[in-house]
Asks: 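Sharing a structure with you now.
Chain naming here is simple, since letters A, B, ... match the order of the sequence lines and numbering starts at 1 in each. Just so you know, these numbers come straight off a predicted model, no measurement behind them.
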There are 2 protein chains.
Amino acid sequence: MTLQGAPIGEAATRSGVKVPTIRYYELIGLLSAPPRSDANRRLYDDDDVRRLAFIRHARELGFEVDAIRTLLALQDEPGQSCAAADAVARNRLIDVEQRIASLTALKAELERMIVGCAHGRVAECRVIEILADHGKCVYAQH
Amino acid sequence: MTLQGAPIGEAATRSGVKVPTIRYYELIGLLSAPPRSDANRRLYDDDDVRRLAFIRHARELGFEVDAIRTLLALQDEPGQSCAAADAVARNRLIDVEQRIASLTALKAELERMIVGCAHGRVAECRVIEILADHGKCVYAQH
DNA sequence: CTTGCTCCTCTAGCCGCTAGAGGATGTAAG
DNA sequence: CTTACATCCTCTAGCGGCTAGAGGAGCAAG
C-alpha cells in the first residue's frame with residue numbers, strides 16, 4: 001500500500017490557509033508534521049485539513065496563536081469540561097470590546113479634526129494643530 | 001560658547017517617547033540626528049521635543065510612521081495648503097471605521113459562541129463547534 | 001524531451017519597537 | 001580622590017505572524 005493524502009497545495013486551497021503559512025504552522029508546532037511521500041512531500045489527510053480550517057477561522061476571529069494552541073488541545077479531548085474554551089473566548093471578547101471602545105474614541109477625535117479643518121493653510125490646520133497638542137483632544141483615553 | 005540642549009533622557013520624559021524609541025526614530029529618519037556634545041551625547045532642543053510629542057500623539061492615534069513622515073513634512077511648510085494633512089486624517093478615519101465595523105461583527109460572533117455554550121463537555125461546546133465550522137457563523141465578514 | 005507547475009529547504013524581510021550586552025561618561029557622596 | 005550608580009553610547013537580536021525570494025528537485029502533459 002502507498003501512502004495517501006493531499007499535497008500541501010491542495011490542503012491550502014481546501015483549508016484556505018496559504019502554503020507558506022501551513023509550513024510556518026508546522027515550524028512553530030501549531031500543526032504536527034504530516035507524513036511524507038517517498039519524494040519527501042508532505043501529505044495531509046482530512047483531519048489535517050479540518051485542523052487548518054479551524055486555525056484559520058480562529059485567526060480570523062483574532063485569537064492569538066497561543067490561544068489557538070489551547071483550543072486545539074481542548075478539541076482533542078472531547079470528554080473534558082469546556083470551561084477552558086469558554087474562558088479563552090471570554091478573554092477574546094473582553095479584548096475586542098476594549099479595542100472597539102478605544103477605536104470609537106479615536107474615531108470621534110479624527111472626525112473632530114477633520115470637521116475643524118477649514119482647508120486653508122497648514123499654519124491654521126486643525127489636524128496638525130491637534131496632533132501637535134494633546135491638550136486639544138477631547139477624548140483622553142489615548 | 002558651549003553646545004546646549006537636553007540629553008536624551010530628559011527629551012524622553014518631556015516628550016513621553018522612550019529613550020530607545022527616540023534613537024529608533026533617528027535611525028529610520030523620522031527625526032533628524034541632533035547635534036552631539038563633546039562626549040558624543042545627543043542634545044535635543046525644544047523643537048525636537050515638540051516634534052517627538054507630535055510623533056507620539058500621532059502614533060497614539062494610530063497613524064503609521066509613513067503617514068507621520070508626511071504630516072511632519074507638512075508641518076514644516078505652514079504656508080502650504082493643508083489638503084494633504086486632511087487626506088491623511090481622512091484615510092486614517094476610514095481605516096478606523098472599517099476596524100470598528102469588523103470588530104463589532106466579531107463581538108457579536110463571540111457573544112453568540114459564549115451564550116450558546118452550555119458549560120458541558122468539549123464535545124458539545126458551541127465555542128469549539130463554531131470555530132471548527134465557519135458555516136455556523138452569522139456574520140460572514142471575516 | 002521539454003515546458004511549466006508544484007514542491008522542497010533555507011534565509012531574510014516586514015512593522016514598530018524592546019531588550020540586552022558591553023563599554024564610556026557624568027554626578028554626588030564619603 | 002575614590003567609589004558608586006545613573007545615564008549615555010553602539011551594536012545585535014528578538015517579538016508576532018507571517019511573507020518573499022533564492023536555488024534546487026520532482027512530476028505531469030504535450
Asks: Reading DNA chain C from 5' to 3', where do the contacts with chain B start and stop? Cut-off is 4.0 Å to heavy atoms.
Replies: C:dG16 to C:dG26
Asks: Between B:D66 and B:R41, who's closer to the 5' end of DNA chain C by nearest nucleotide?
Replies: B:D66
Asks: Compute the angle between the rotation axes at the two ends of the helix from C:dC1-D:dG30 to C:dG30-D:dC1, each taken over five pairs, rounded to 10 degrees.
Replies: 20°
Asks: Kindly write out the residues that satisfy side-chain contact (heavy atoms from CB on, under 4.5 Å) with A:D133, not counting sequence neighbours, or none if the list is empty.
Replies: A:K136
Asks: Considering only distance and modelled atom types, tabulate donor-acceptor pairs under 3.5 Å from the side chains of residues 72-84 of chain B, sequence neighbours left out.
Replies:
| residue | atom | partner | partner atom | Å |
| --- | --- | --- | --- | --- |
| B:D76 | OD1 | B:R51 | NH1 | 3.1 |
| B:D76 | OD2 | B:R51 | NH1 | 3.4 |
| B:D76 | OD2 | B:R51 | NH2 | 3.2 |
| B:S81 | OG | B:A83 | N | 3.0 |

Asks: Can you list the residues that meet the salt bridge (Lys or Arg N to Asp or Glu O under 4.0 Å) rule with B:E64, with sequence neighbours excluded?
Replies: none
Asks: Between A:L30 (CG) and D:dG17 (P), how many Å, whole number?
Replies: 10 Å
Asks: With sequence neighbours left out, write down each residue that passes salt bridge (Lys or Arg N to Asp or Glu O under 4.0 Å) with B:D46, or none if nothing qualifies.
Replies: B:R14
Asks: Please determine if a side-chain N or O atom of B:R42 lies less than 4.0 Å away from the OP1 or OP2 oxygen of D:dC9.
Replies: yes
Asks: Is the shortest side-chain heavy-atom distance between A:Y44 and A:L31 below 4.5 Å?
Replies: yes
Asks: If you take any heavy atom closer than 4.0 Å to DNA chain D, which residues from residues 13-29 of chain B end up in contact?
Replies: B:R23
Asks: Go through the structure and list residues passing side chain to side chain donor-acceptor pair (under 3.5 Å) with A:R41, not counting sequence neighbours.
Replies: none
Asks: What residues form a salt bridge (Lys or Arg N to Asp or Glu O under 4.0 Å) with B:D86, not counting sequence neighbours?
Replies: B:R90
Asks: Only counting residues at least two apart or in another chain, list the ones meeting side-chain contact (heavy atoms from CB on, under 4.5 Å) with B:R121.
Replies: B:E124
Asks: Restricting to side-chain contact (heavy atoms from CB on, under 4.5 Å), what partner residues turn up for B:N40, sequence neighbours left out?
Replies: B:R36
Asks: Separation of A:R69 atom CZ from D:dG17 atom C1', in whole Å?
Replies: 12 Å
Asks: Who are the side chain to side chain donor-acceptor pair (under 3.5 Å) partners of A:R42, not counting sequence neighbours?
Replies: A:E26
